[in-house]
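Take a look at the structure set out below.
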Amino acid sequence: QVQLVESGGGLVQAGGSLRLSCAASGTIFSIDVMGWYRQAPGKQRELVAKIRSGGSTNYAESVKGRFSISRDNTKNTVYLQMNSLKPDDTALYYCYVNARFEFWGQGTQVTVSS
């Protein structure tokens, strides 16, 4: 009963920036963790970043210092600010929300050209 709507993906040049947004709606009792995963062609899905209700965060080593995750609890929205993008960041980015159960977005494509 939770729907996640992702936006902000697109094509960007290496070194550029992009901001992803994910808004959760539906029957939500509480949201603990919100985050982003990504999957590139030929690779397994990996955690990019996550943020807990209390504000603590975790990042993949490959994105530390470049990506920043944040959330707006009043809007049930999580954001991923991606700076200094690299071609290796090219992937389908999936939003997820833990609200009693885990819910996943359908994915938004991020393509970084060299």
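Looking at heavy atoms from C-beta onward, Asn73 lies out of side-chain contact with Ser53 at the 4.5 angstrom threshold. Residues Leu4 and Val2 are in side-chain contact: their nearest non-hydrogen atoms beyond the backbone lie under 4.5 Å apart.
Counting only distance, with no hydrogens or angles, the side chain of Gln39 and the backbone of Leu92 share no donor-acceptor pair below 3.5 Å. For the pair Thr90 (side chain) and Val112 (backbone), a donor-acceptor distance under 3.5 Å is present. Between the side chain of Thr108 and the backbone N or O of Tyr93, no donor-acceptor pair lies under 3.5 Å. Between the side chain of Glu6 and the backbone N or O of Gln106 there is at least one donor-acceptor pair closer than 3.5 Å.
Atom CG of residue Asp32 and atom CD of residue Glu102 lie 10.0 Å apart, to the nearest 0.5 angstrom. The distance from the OG atom of Ser21 to the CZ atom of Arg71 is 14.0 Å, given to the nearest 0.5 Å. For the atom pair Arg100 CZ and Asn98 CG, the distance stands at 10.0 Å (nearest 0.5 Å). Going from atom OG1 of Thr111 over to atom CG of Asp89 covers 11.0 Å, rounded to the nearest 0.5 Å. Between the CD atom of Glu46 and the CZ atom of Arg38 there is a distance of 4.5 Å, given to the nearest 0.5 Å. If you take NZ on Lys50 and OG on Ser56, they are separated by 8.5 Å, rounding to the nearest 0.5 Å.
When every heavy atom of Cys22 is checked against every heavy atom of Met34, the shortest pair comes out as O-CE, 4.5 Å. For Pro87 against Ala14, the heavy-atom pair with the smallest separation is CD-CB, 4.2 Å. When all heavy atoms of Gln109 and Ala91 are compared, the closest pair comes out as NE2-O, 3.4 Å. Taking each heavy atom of Ala49 and Leu80 in turn, the nearest pair found is CB-CD1, 4.2 Å. Minimum interatomic distance between Val97 and Ala24 (heavy atoms only, all atoms of both residues): CG2-CB, 4.3 Å. The two residues Val78 and Cys95 have their closest heavy-atom pair at CG1-SG, 3.8 Å.
None of Met82, Gln81, Arg66 except one satisfies the side-chain contact (heavy atoms from CB on, under 4.5 Å) rule with Ser17; the exception is Gln81.
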Subject >> Residues Asn58, Arg52; criterion side-chain contact (heavy atoms from CB on, under 4.5 Å); working and verdict >> reply: CA-CA 9 Å; Asn58 293 95; Arg52 302 179 181 86; 3.0 Å; yes

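A continuous path of Ile, Leu, Val, Met, Phe, Trp and Tyr side chains, each step under 4.5 Å between heavy atoms, connects Val110 with Ile69, placing both in one hydrophobic cluster. Cluster annotation: Phe101 is not connected to Val33 through the hydrophobic network of ILVMFWY side chains, with a link wherever side-chain heavy atoms come within less than 4.5 Å. Under the 4.5 Å side-chain heavy-atom criterion for ILVMFWY residues, a single connected hydrophobic cluster contains both Ile51 and Phe103. Hydrophobic clustering places Ile31 together with Leu20 (ILVMFWY residues linked when any side-chain heavy atoms are closer than 4.5 Å, directly or through intermediates).
Contacts classified as ring pair (Phe, Tyr, Trp, His ring centres under 6.0 Å) and involving residues 31-62 (residues at least two apart or in different chains) are given here: Tyr37-Tyr96, Tyr37-Trp104.
Not counting sequence neighbours, Phe67 has no partner by the ring pair (Phe, Tyr, Trp, His ring centres under 6.0 Å) test.
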